[in-house]
Amino acid sequence: MSQPTPSNLDPTSVSSFRKHLTNSTRIIAILGAGLSAPSGLPTFRSTNALWHNHDVFLVASPAGWRRDPGLVWQFYSERRRDARRASPNPAHYALVELAKRKKGFVALSQNVDGLLQRAGLDGNSGQLKLLHGNLFDLSCAGGCGYVDRDNFVDPLCDVLAEGRTRANVLGAGVQGGRPPKVSALLFEGIAAKNRKILGEEKFADGAPTAGDAAPLRELGEDVVRVPDAVPELHSGIEKEELPWCPRCKEHLLRPRVVWFGESLPEDIMADVDALFEEDKIDLCLVIGTSSKVWPTAGFCDQARKRGAKVAWVNMGADDVKSPRQDDWVFLGDAAVILPQILVAEGVLQT
Ligand code: BV8
């Protein structure tokens with residue numbers, strides 16, 4: 001008996017998709033934050049998004065880590081807490097069901113929230129590649145090789161306890177609404193200018209303070225700071241208060257996620273390259289992603305080059321990147337659509 005398709009999906013499109021899915025062996029799914037949005041986790045670029053309240057360079061880049069690891073840890077501690085409190089949604093379970101029935105299925109996930117693993121897709125099964133790491137893995141920031149997997153401890157240390165967020169650029173405690181968006185790249189420019197004005201012997205490159213965010217100005221002999229128009233930009237957390245690597249004891253522990261400007265893990269990229277080198281790919285699912293972040297944004301085209309037909313699942317058409325005539329485009333909530341198109345009776349013959 002054919003399943004009723006959700007009213008907003010074109011039955012012909014769903015039926016042709018289901019037919020192709022049944023005949024597919026090698027399937028990849030490119031996953032983004034939209035997959036976890038139905039679980040209540042904010043995405044990155046939509047309205048009340050993560051990046052709208054945090055300066056991505058201050059909380060998800062090596063420059064931001066160097067300047068204020070406390071700020072970075074506050075950001076990731078909040079996300080660890082939110083992810084632990086969230087539950088997998090029907091979209092996660094539909095993908096797990098697909099993986100069970102189709103051994104040639106591989107999920108390439110940008111998500112670090114652990115929800116797909118909690119829905120039952122084993123990160124070690126080869127069917128899940130965590131492209132940007134995992135909120136619950138920690139590693140030595142100095143690269144001594146120490147890794148602490150599946151660490152769900154909360155708080156990791158007193159200063160990261162819930163509600164301890166001090167006045168800082170994250171916005172909590174900053175009076176008068178949203179904090180200014182000052183990126184670490186701007187700090188680079190300010191530091192370079194201040195170094196030039198003060199000269200090497202007087203310049204100290206340390207954690208930014210409100211003053212640092214207000215560049216110096218040369219007035220004759222005097223060097224004055226432009227009025228401190230910028231509220232406290234520092235978490236106020238000292239390094240000593242943060243978690244340290246228990247092995248080398250010389251560096252902090254950091255979240256084992258991939259920040260902007262960092263390469264994706266070599267082993268993961270080797271697996272992804274192998275995926276695209278091997279023979280034909282039958283189907284590429286692109287689910288809940290704005291396809292803005294590289295190199296993942298290029299994977300769909302790589303799949304097409306291996307013969308894949310493409311199906312898009314997204315809340316809006318804006319992020320369906322240059323769809324082709326024979327693509328399937330399913331617009332709506334992944335938690336509603338995926339169970340319908342992936343798991344409906346009779347769809348998943350092995
Ligand atoms: C790299 C960390 C080589 C973990 C993330 C300049 C300097 C340095 C690098 C670059 C540069 N210019 C470009 C680059 C490359 C850079 C990049 O791509 N930048 C972009 C912004 C232009 N990439 C990198 O740096 C990568 N590394 O290239 O290494 C290198 C090395 C050195 C120098 C140069 C290059 C590393 C990228 C990884 C960055 N880390 N996260 C974390 O904190 O999470 S990225 C972050 O964005 C998340 O991982 C997230 O997953 C990812 C992508 O976002 P999406 O998942 O797509 O989420 P988004 O909110 O954008 O969209 C959600 C979608 O869901 C929307 O379409 C929405 O409509 C939809 N939706 C919402 N609800 C639903 C839904 N759909 C269905 N149902 C719903 N209910």
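First listed ligand is number 1; within each ligand, the first listed atom is number 1. FYI, the numbering just counts along the sequence from 1.
In the vicinity of Ala37, heavy-atom distances shorter than 4.0 Å reach the ligand 1 atoms 73 (N). Taking a cut-off of under 4.0 Å to the non-hydrogen atoms of Gly332, the atoms of ligand 1 that pass are 77 (C), 78 (N). Remark: ligand 1 atoms within the under-4.0 Å shell around heavy atoms of Thr289 are 55 (P), 57 (O), 64 (C), 65 (O), 67 (O). The contact set between ligand 1 and Pro38, taken as ligand atoms under 4.0 Å from a residue heavy atom, comprises 80 (N). The Gln110 neighbourhood of ligand 1 comprises atoms 49 (O), 51 (O), 52 (C), 53 (C), 56 (O), with distances under 4.0 Å to a heavy atom of that residue. Close approach of ligand 1 to Trp259 is summarised as follows: ligand atoms under 4.0 Å from at least one heavy atom of the residue are 36 (C), 39 (C). In summary, the atoms of ligand 1 found under 4.0 Å from a heavy atom of Gly288, numbered by their order in the structure, are 63 (C), 64 (C), 65 (O), 76 (N).
Closest heavy-atom approach to atom 40 (N) of ligand 1 among the candidates Val258, Ile337, Asn314: Val258. The closest non-hydrogen atom to atom 4 (C) of ligand 1, taken over Val320, Val313, Val257, comes from Val257.
Phe105 is linked by a ring-ring contact (aromatic ring centres under 6.0 Å, His included) to nothing, counting only residues two or more places apart in sequence or in another chain.
The part of Glu262 lying near ligand 1 is the backbone, judged by heavy-atom distances below 4.0 Å. Residue contacts with ligand 1, taken as heavy atom pairs separated by less than 4.0 Å, involve Asp333 via backbone and side-chain atoms alike.
Annotation: Met315 places an N or O atom under 3.5 Å from an N or O atom of ligand 1; distance criterion only.
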Determine all donor-acceptor pairs shorter than 3.5 Å in which one atom belongs to a side chain in residues 306-321; sequence neighbours excluded.
unit_1, atom_1, unit_2, atom_2, d
Arg306, NE, Phe276, O, 3.0
Arg306, NE, Glu278, O, 3.3
Arg306, NH2, Glu277, O, 3.4
Arg306, NH2, Glu278, O, 2.8
Trp312, NE1, Asp327, OD2, 3.0
Asn314, OD1, Gly316, N, 3.0
Asn314, ND2, Thr289, O, 3.3

